[in-house]
Amino acid sequence: MRAPGEAACGEPTASEYRTLARSNLFLPEWYAGTCPLTGTEGADLLADFCRSGWRGGRNPNPYFDCAYYLEQNPGVREAGVNPLLHYLLDGDRQARRPIAFFDPAWYRGTYAVPPTLSCLEHFLARRLDGLVSPVPGFDPARYLRLQAPQAPAGLDPFLHARSSQEAVVPSVGEVIAASGLFDASFYLMNNPDVREAGLDPLAHFCSHGAGEGRNPNLYFDTAWYTAQRGPAWQTGENALCHYYLAGEAAGLRPSVHFDPLWYGKSYGLAAWQSALRHYLQHRRGQLVSPNPDFDLPAYLALAAGRLGPNRDAHADWRRQ
């Protein structure tokens with residue numbers, strides 16, 4: 001059996017093989033998983049793709065459609081050229097689409113992709129982070145937040161959105177419930193009228209509380225957040241829902257006490273993860289600070305002997 005670099009009828013040349021191997025556009029696990037082949041254990045899947053895979057309509061990654069590329073580029077089809085190789089050497093530079101739902105011209109300009117790197121390689125390396133979209137009009141970070149906490153690890157937001165059978169738009173209450181930003185106990189404690197009336201705290205916040213400036217947790221100041229948006233605020237839009245889906249990613253603070261951009265960078269959060277949610281979940285562990293101006297170690301040392309474990313140090317400082 002010939003080595004992958006030997007030229008023969010149907011075999012990849014050494015140059016073709018090396019070029020594609022270095023491109024990061026061929027994903028072996030994806031290729032094997034979506035197009036199972038008999039006897040592929042230990043096989044060279046890239047060689048199989050170069051030899052016959054693309055001719056059989058098997059794709060190298062979920063964002064390159066060999067059949068689509070050849071249909072859109074008949075000259076490439078007539079020349080019998082490997083479509084992925086053509087895309088890598090010429091197509092990307094000429095802004096040819098690798099698949100119907102990937103716009104390389106828009107992508108390169110939007111994400112400032114250097115000319116030495118293909119748009120598709122840039123995207124494939126970042127597609128799971130919620131940082132990049134293959135087309136305009138899709139917000140991957142927003143989509144991932146809408147899926148949380150049910151989103152499995154390694155979820156591709158764009159492909160997941162495309163494969164969803166029903167485009168169900170969650171209600172404001174469902175978004176807030178999934179966000180982890182509504183503290184029912186806090187709300188009832190600080191709104192005795194709701195507690196005494198036996199009302200559902202989340203339902204009350206969504207229907208009346210947010211509009212009345214009531215706060216959903218200790219670190220979200222509804223009236224303050226609304227005021228920061230000024231005239232751009234949409235009448236009737238729930239402030240907490242806006243913060244979770246758009247405001248936090250834009251760097252808007254939920255209150256003067258919490259800095260989401262600093263927090264996300266300081267504690268290594270993914271772009272789609274909510275910094276405020278993370279803080280609310282971990283604040284009692286006394287290992288995270290809500291903003292760069294609060295010296296957590298210094299305050300813990302100062303409050304030693306008084307402030308016990310499983311207490312929010314910043315909240316304690318605010319009460320002093």
Rounded to the nearest 0.5 angstrom, the OG-CG distance for Ser23 and Leu85 is 9.0 Å

Item to complete: Please step through side-chain contact (heavy atoms from CB on, under 4.5 Å) for the pair Leu124 and Leu120, ending with a clear verdict.
Response: CA-CA 6 Å; Leu124 289 175; Leu120 192 51; 4.1 Å; yes

Margin query: Who clusters with Leu287? Use side-chain heavy atoms, under 4.5 angstrom, across I, L, V, M, F, W and Y, and order the result by chain and number.
Written below: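 Reading the cluster by chain and number, Leu287 sits alone, since nothing else belongs.
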
### Members sharing Met189's hydrophobic cluster (side chains within less than 4.5 Å)
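Joined to Met189, directly or through intermediates: none.
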
Apply the test salt bridge (charged side-chain N to carboxylate O under 4.0 Å, His left out) to residues Arg214 and Asp221: give CA-CA distance (whole Å), side-chain angles for both, the deciding distance (0.1 Å), then the verdict.
CA-CA 8 Å; Arg214 306 195 193 202; Asp221 186 329; over 6 Å; no

When the ring centroid of [X] is compared with that of [Y], is the distance short of 6.0 Å?
X: Tyr111; Y: Trp106; value: yes
X: Tyr107; Y: His122; value: yes
X: Tyr63; Y: Phe101; value: yes

Item to complete: For the pair Gln286 (side chain) and Ala313 (backbone), establish whether a donor and an acceptor sit closer than 3.5 Å, ignoring hydrogens and angles.
Response: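 Side chain of Gln286 to backbone of Ala313: no pair is present.
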
Item to complete: For Asp183 and Phe186, indicate whether the former's side chain and the latter's backbone hold a donor-acceptor pair under 3.5 Å.
Response: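 Yes: the side chain of Asp183 pairs with the backbone of Phe186.
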
**Request:** Evaluate side-chain contact (heavy atoms from CB on, under 4.5 Å) for Phe26 paired with Leu45, printing each intermediate quantity in order.
**Result:** CA-CA 9 Å; Phe26 183 79; Leu45 297 178; 4.0 Å; yes

- prompt: side-chain hydrogen bond (donor to acceptor under 3.5 Å, both in side chains) with Arg108: which residues, sequence neighbours excluded?
  reply: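 Scan of Arg108 (side-chain hydrogen bond (donor to acceptor under 3.5 Å, both in side chains), adjacent residues dropped) gives Asp92.
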
- Output all residues satisfying side-chain hydrogen bond (donor to acceptor under 3.5 Å, both in side chains) with Glu121, sequence neighbours left out; order by chain, then residue number.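 Counting only residues at least two positions away or on another chain, Glu121 forms a side-chain hydrogen bond (donor to acceptor under 3.5 Å, both in side chains) with Asn24.
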
Going by salt bridge (Lys or Arg N to Asp or Glu O under 4.0 Å), name the residues that satisfy it together with [X], two or more places apart in sequence or in a different chain.
X: Asp312; value: Arg283
X: Asp90; value: Arg93
X: Asp139; value: none

With [X], which residues qualify under side-chain contact (heavy atoms from CB on, under 4.5 Å), at least two apart?
X: Gln320; result: Tyr299, Arg306, Asp316
X: Arg195; result: Leu188, Pro192
X: Leu261; result: Asp259
X: Asp200; result: Leu202, Ala203

Review point. Any cation-pi pair here, Arg318 with Tyr219, using under 6.0 Å and within 45°?
Key: yes

**Message:** Using side-chain hydrogen bond (donor to acceptor under 3.5 Å, both in side chains), reason through Tyr187 and Asn217 one step at a time and then give a plain yes or no.
**Reply:** CA-CA 7 Å; Tyr187 194 80; Asn217 65 64; over 6 Å; no

Please state whether the rings of [X] and [Y] are parallel, tilted or perpendicular, taking 30° and 60° as the class boundaries.
X: Tyr263; Y: Tyr267; answer: tilted
X: Phe220; Y: Tyr243; answer: perpendicular
X: Tyr69; Y: Tyr87; answer: perpendicular

With side chains defined as the heavy atoms from C-beta onward, is the minimum distance between Leu276 and Tyr244 less than 4.5 Å?
no

Give the C-alpha distance, both sets of side-chain angles, the deciding distance and a yes or no for side-chain hydrogen bond (donor to acceptor under 3.5 Å, both in side chains) between Tyr31 and Arg58. CA-CA 8 Å; Tyr31 182 78; Arg58 297 195 291 272; 3.1 Å; yes

Listed pairs under 3.5 Å, donor-acceptor, residues 289-297 side chains, sequence neighbours left out:
unit_1, atom_1, unit_2, atom_2, d
Ser289, OG, Asn291, O, 3.0
Ser289, OG, Phe294, O, 3.1
Asn291, OD1, Asp293, N, 2.9
Asn291, OD1, Phe294, N, 2.9
Asn291, ND2, His257, O, 2.8
Asp295, OD1, Ala298, N, 3.1

Please report the C-alpha distance between Phe64 and Phe102 in whole Å, then the side-chain angles of each, then the deciding distance to 0.1 Å, and finally whether the ring-ring contact (aromatic ring centres under 6.0 Å, His included) criterion is met.
CA-CA 9 Å; Phe64 191 93; Phe102 189 92; over 10 Å; no

I'd like to know if Arg253 and Glu248 make a salt bridge, using a cut-off of under 4.0 Å between side-chain N and carboxylate O.
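The answer is no: the pair does not qualify as a salt bridge.
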
